[in-house]
Protein chains: 2
Amino acid sequence: MRNVAKLELPLDQVLVGDCIELIRGLPDKSVDLVFADPPYNLMLDKGTRAGTLRRPDQSVVDGVDDAWDRFADGGSTAESYAEYDRFTRAWLFEARRILKDTGAIWVIGSYHNIFRVGVALQDLGFWMLNDVIWRKSNPMPNFRGRRFTNAHETLIWAARNEAQKTYTFNYDALKTLNDDLQMRSDWLLPICAGGERLKGDDGNKAHPTQKPEALLYRVLVGCTHPGDVVVDPFFGTGTTGAVAKRLGRHFIGLERDETYAGVARARIEAIEVGDDAPLSVTRSKRDEPRIPFGHVVERGLIRPGTMLFDQRRRWGAKVRADGSLVTGDATGSIHRVGAHVQGAPACNGWTFWHFEHQGSLVPIDFYRSRLRAELGAAH
Amino acid sequence: MRNVAKLELPLDQVLVGDCIELIRGLPDKSVDLVFADPPYNLMLDKGTRAGTLRRPDQSVVDGVDDAWDRFADGGSTAESYAEYDRFTRAWLFEARRILKDTGAIWVIGSYHNIFRVGVALQDLGFWMLNDVIWRKSNPMPNFRGRRFTNAHETLIWAARNEAQKTYTFNYDALKTLNDDLQMRSDWLLPICAGGERLKGDDGNKAHPTQKPEALLYRVLVGCTHPGDVVVDPFFGTGTTGAVAKRLGRHFIGLERDETYAGVARARIEAIEVGDDAPLSVTRSKRDEPRIPFGHVVERGLIRPGTMLFDQRRRWGAKVRADGSLVTGDATGSIHRVGAHVQGAPACNGWTFWHFEHQGSLVPIDFYRSRLRAELGAAH
DNA sequence: CGCCGGTATGAATCCCGAC
DNA sequence: GGTCGGGATTCATACCGGC
C-alpha cells in the first residue's frame, strides 16, 4: 500500500511554483517528513542610507532584502505579523495534511518568526518533540554593539499528531554521530561557507540563506529511514535534496524561483552516490569551553570587591562586577592589569593573580579548573 | 521626578498574591526592567494529567487556588492553549504598562510555552532584541531515548517599544565579562544545584525550578544600572531579588505562594552587601565626555598649521586655528575630511589622523585621552 | 609547499545627543 | 519631532598573492 502511494508522488523532483498550490497537489498522508526553512520576515529597514548596515571598516553588509521575505509591504508591523501568520498557517496546514500519521516536521527560524511558527504548529495540532538550537561557530557579529551576537537559529521538531508515539527517531545513530554521547538539543555547526556555498555566474552567493548540509544530515539521519520521502516546501538551492540523495532518502522540492530551482537540480544531479560509499560530512565542532574570568565572578566564586594579589603581595587589585580589575591607575582584564602593574608587555592573569584563603594565597586559576571540569561535560 | 515615582514603589519587597492583581497596583511607566519566569501549561494525556500546570522540569505547580485552577478545567488542548494565552497576555500587558519607555523585559521558558510568550510579546508591541539560549552544562538526560536531551531553555529580551533605541545595554561590561569578546546569544551555565539550591525543612528542594544566580547576574549586569528597579512577577524563591541586592539594584517580587515568598525573604535578608562593593563596570566610550578637536588646538597641544596624516601616509591635511582640517579640495571637521579623502561614508577622525612625533605617527586620540584624564581628575 | 598578511563576508529587526 | 553631524562599532573563516 505504501509503495503504491509512493509511485504517485513526484519523487526526487523540484517543482516550481507557489508552495501552497504545489503542496495541494500532493496526496493526504503520503510522506514521512517535512523539512521547512520558510522566510523569516526580517523586516529590515533597508533602502535608506540610515538603514544600511556597515561593518566598522565601512564595508556594506549584504543582508536579506529579497521580495520573498517581505510581508505586507509598506504596512504596519501588526499587518506584517498578520500576513505572515496567514501564510504560515496555510502552508503548515497542507504540510500536516500530506504527512503520514507517523510523520513529523522540522522548521527552522530565528526570533523574528520562530515564535509565530511555533504557535501555528501547536494550534494546528502538531505535537512538539523538541526545539533544537543550531549554534553557529562563526556567526556574523553585532557590528554596532547594541545587542548580543545573534549566534544561533532555532529548529522545531514536531510530530504530526499528539497521540503519535511512533515517529522516527534513530536514537543510536545519533548517539554514534555524537561520539557515543546522547545527542543534546544544542548543535554546534559552522555556517555554510567556502566550497559548500553555491555561487552564481557572477561569483556572488547563489542564495542568501543556504543552510549547511551538516544540519540536514543530522535531521535526516535522526528522523528518517532509507527510502523515506522528505518534502521541502522552501527548497531554495536544494540542501535538503542533496543530503537526502546522499543518504538514500527521496525528496520532493517545492520552489517558487526558477533560478534557485535550476541551481538545485544541477547541484543534486552532480552528486554521485556510491552503493556503499562512506558518507562524509562536516563533523560537529568540538566545543572547548573557554572560561573568561568574568564567569568566575558571575558564578559567585569570587565576589565583586574582592582584592587579588600577586604571589609576593607586591601589587593588589580589586575585582569589579564585570570581571575587570581596578588598581590605582589602571582598569581592565586580569591579563592587562597584571601586565600593567609589572610594566610587562603581557601577563597570564590566571597564574599571576591570587585570592586569599585562610591566610594563604591561591591562584585564581584554581577556579578556572573547577569551572572547566563542570562545564566540560556539555559538548 | 523619577525619585518621587520610585518612592511610591514597594521597593525590595515580596508581595504575596495573584501577580496580575498585584502588578495592577504599580504605577504606569515606573520601572526599568521586568524579569519573568512564568509557569507553563503542559498538556499531557487528557483525563489523567490534563491541563496540569507544570514547569519546564515537569514539576507540578500546586494549584492551591483558582488563579491556577482555571488551567485545570479538563478542556481540550486548544482550550488549554487559549486559556494560557489569555493569562500570558494579561500579565504581559500589565508588565508593559509599568515599564518606563526606556524599559525592557526578559522572559524565560521552554518549548512548551516560549512560543506563545513570544507571539504575545510581539502582538502587544514589545520589540524583540534577542532570543538567548541558556545551555545547561548538566541537564537531565532523556532516559527513554525517544527525543534529544532537553539541554537548554530560551530567554527573550525585548524592549518596551519598537521605536525605542535607548534601552539599557552595557555592551562593554558584557564584553569584559566574556574576556573581551562580544557576548553571544548562547550562554553556557550549570543548572542550580549544590549549595545554591535552597532546601526546605524536609531536605527536599524548596522550589522546583529555582534558576541559577549566574543567569540573573548576566541579565542584570547587562541590562540595568545600579539603582534601577526590577520587577519579577513570578518571584518564587527570589533569585532575581538575591542577585539584584548583590548588584545594588532594587527589586519588587510578586509571588502567589506564601511559602515561597517566605523562603525568598529569608534568603535575601541573609545576603550581606559590603558598602564598598564595586558595582561599577567597564564604561562605554559613548559615555565618555565629548571633547571637540578644537579643544586640543585651543590648548596648544596641536598648533594650527600642523600636518596630520593617516596611518600609511596616503593622505595629509593641515590643522587650522578653529580645529578644522584643510586638504587640497576639502575643508571640515577631522571626521568629514577623513571620510572625504577616503571616499568613505563616515570616519572616526580621532583614530584616522596622526601627528608626527620623533619620526613616527601617533593618533590624535592620544591628546583626547589626555584631556579626558584631566577632566576626570578634576571632579 | 607552507606561512603570513591583507581582504572579503555571513538570515541583521545594529547610534544618539544637540539644537 | 526632525535634522544634523560627531564619532563608535566586529568574529570566525576562507581565499588570494607574495615570498
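When reading the values below, keep in mind they use all heavy atoms of this one structure, side chains included, and skip hydrogens, waters and symmetry mates. Reminder, nothing fancy here: chain letters follow the sequence lines and each chain counts from 1.
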For [X] and [N], what is the distance between atoms [atom1] and [atom2] respectively, to the nearest whole Å?
{"X": "Met140(A)", "N": "dT9(D)", "atom1": "CE", "atom2": "C1'", "value": "13 Å"}
{"X": "Arg336(B)", "N": "dA8(D)", "atom1": "CZ", "atom2": "C1'", "value": "14 Å"}
{"X": "Arg197(A)", "N": "dT13(D)", "atom1": "CZ", "atom2": "C1'", "value": "13 Å"}
{"X": "Arg184(B)", "N": "dC14(C)", "atom1": "CZ", "atom2": "P", "value": "20 Å"}
{"X": "Gln164(B)", "N": "dC16(C)", "atom1": "CD", "atom2": "P", "value": "10 Å"}
{"X": "Arg70(A)", "N": "dA11(C)", "atom1": "CZ", "atom2": "P", "value": "18 Å"}
{"X": "His335(B)", "N": "dC15(C)", "atom1": "NE2", "atom2": "P", "value": "18 Å"}
{"X": "Phe352(B)", "N": "dG6(D)", "atom1": "CZ", "atom2": "C1'", "value": "16 Å"}

Hey, does [X] reach any base, or is it just sugar-phosphate, or nothing, if we go heavy atoms under 4.0 Å?
{"X": "Trp350(B)", "result": "sugar-phosphate"}
{"X": "Trp134(A)", "result": "nothing"}
{"X": "Ile334(B)", "result": "nothing"}
{"X": "Ile291(B)", "result": "sugar-phosphate"}
{"X": "Gly195(A)", "result": "sugar-phosphate"}
{"X": "Ser333(B)", "result": "sugar-phosphate"}
{"X": "Arg144(A)", "result": "base"}
{"X": "Cys192(A)", "result": "nothing"}
{"X": "Pro38(A)", "result": "base"}
{"X": "Thr209(A)", "result": "base"}
{"X": "Glu288(B)", "result": "nothing"}
{"X": "Pro292(B)", "result": "nothing"}
{"X": "Asp37(A)", "result": "base"}

Taking atom [atom1] in both [N] and [M], compute the distance separating them and give it to the nearest angstrom.
{"N": "dG17(C)", "M": "dT9(D)", "atom1": "P", "value": "14 Å"}
{"N": "dG10(C)", "M": "dG7(D)", "atom1": "P", "value": "32 Å"}
{"N": "dA12(C)", "M": "dA8(D)", "atom1": "P", "value": "26 Å"}
{"N": "dT10(D)", "M": "dT7(C)", "atom1": "C1'", "value": "15 Å"}

- Query: Just checking, any donor-acceptor pair under 3.5 angstrom between side chains of Arg267(A) and Thr239(A)?
  - Reply: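 Result is yes, a qualifying pair exists.
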- Item | Donor + acceptor pair across side chains of Ser333(B), His335(B) (<3.5 Å) | no
Side chain of [X] only, please: which of [options] is the nearest?
{"X": "Asn150(A)", "options": "dA12(C), dC14(C), dA11(C)", "answer": "dA12(C)"}
{"X": "Arg55(A)", "options": "dT9(C), dA11(C), dG7(D)", "answer": "dT9(C)"}
{"X": "Asn138(A)", "options": "dA12(D), dA12(C), dT9(D)", "answer": "dA12(D)"}
{"X": "Tyr40(A)", "options": "dC11(D), dA11(C), dC16(C)", "answer": "dA11(C)"}
{"X": "Lys136(A)", "options": "dC11(D), dA11(C), dG10(C)", "answer": "dA11(C)"}
{"X": "Ser137(A)", "options": "dC15(C), dT13(D), dG10(C)", "answer": "dT13(D)"}
{"X": "Gln182(B)", "options": "dT10(D), dA11(C), dC16(C)", "answer": "dT10(D)"}

- Query: Quick one: does Leu361(B)'s side chain get under 4.5 Å of Arg313(B)'s, heavy atoms only?
  - Reply: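 In contact.
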- Message: Strictly by salt bridge (Lys or Arg N to Asp or Glu O under 4.0 Å), give each pair with a member in residues 337-349 of chain B just once, sequence neighbours left out.
- Response: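 Found none.
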- Item | Residue pair Leu254(A) / Cys19(A): nearest heavy atoms and the distance that separates them | CD1-O, 3.8 Å
- Task: Test Phe352(B) against every option in Val341(B), Val337(B), Leu308(B), Ile334(B) by the side chain to side chain contact (heavy atoms under 4.5 Å, CB included) rule and name the one that passes.
- Result: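 Checked Val341(B), Val337(B), Leu308(B), Ile334(B) against Phe352(B); only one passes side chain to side chain contact (heavy atoms under 4.5 Å, CB included): Val341(B).
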- Item | side chain to side chain donor-acceptor pair (under 3.5 Å): pairs with one or both residues in residues 116-133 of chain B, sequence neighbours excluded | Arg116(A)-Gln122(B), Arg116(A)-Asp123(B), Gln122(A)-Arg116(B), Asp123(A)-Arg116(B), His152(A)-Asp131(B), Asp85(B)-Arg116(B), Arg89(B)-Asp123(B)
- side chain to side chain donor-acceptor pair (under 3.5 Å) partners of residues 361-371 of chain B, not counting sequence neighbours, each pair once: Asp365(B)-Arg368(B)
[X] side chain near [N] phosphate (N/O to OP1/OP2, under 4.0 Å):
{"X": "Tyr171(B)", "N": "dT10(D)", "value": "yes"}
{"X": "Lys165(B)", "N": "dC14(C)", "value": "yes"}
{"X": "Asn142(A)", "N": "dC14(C)", "value": "no"}

- Has the side chain of Arg286(B) got a donor or acceptor atom sitting under 3.5 Å from an opposite partner on the base of dG17(C)?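 Counting by modelled atom types and ignoring angles, no donor-acceptor contact under 3.5 Å is found here.
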- What about Lys211(A), does its side chain sit under 3.5 Å from the base of dA11(C) through a donor-acceptor pair? yes
- Earlier contact from the 5' end, DNA chain C, for Pro141(A) and Ile191(A):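 Result of the comparison: Ile191(A).
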- Task: Take Arg312(B) and Gln210(A), find for each the nucleotide of DNA chain C with the closest heavy atom, and name the residue whose nucleotide sits nearer the 5' end.
- Result: Arg312(B)
- With sequence neighbours excluded, what pairs up with Thr331(A) under the side chain to side chain donor-acceptor pair (under 3.5 Å) test? none
- Query: If you measure from the Lys or Arg side-chain nitrogens to the Asp or Glu carboxylate oxygens, is any gap between Arg314(B) and Asp310(B) under 4.0 Å?
  - Reply: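 Salt bridge between Arg314(B) and Asp310(B), a charged N being under 4.0 Å from a carboxylate O: yes.
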- Task: Report the residues that fulfil side chain to side chain contact (heavy atoms under 4.5 Å, CB included) with Pro292(B), sequence neighbours left out, ordered by chain and then residue number.
- Result: His295(B)
- Item | Stem list, DNA chain C (Watson-Crick or G-U pairing under 3.5 Å, at least 3 consecutive pairs) | C:2-10 with D:11-19, C:15-19 with D:2-6
- Mapping Phe293(B) and Lys175(B) to their closest nucleotides on DNA chain D, which lands nearer the 5' end? Phe293(B)
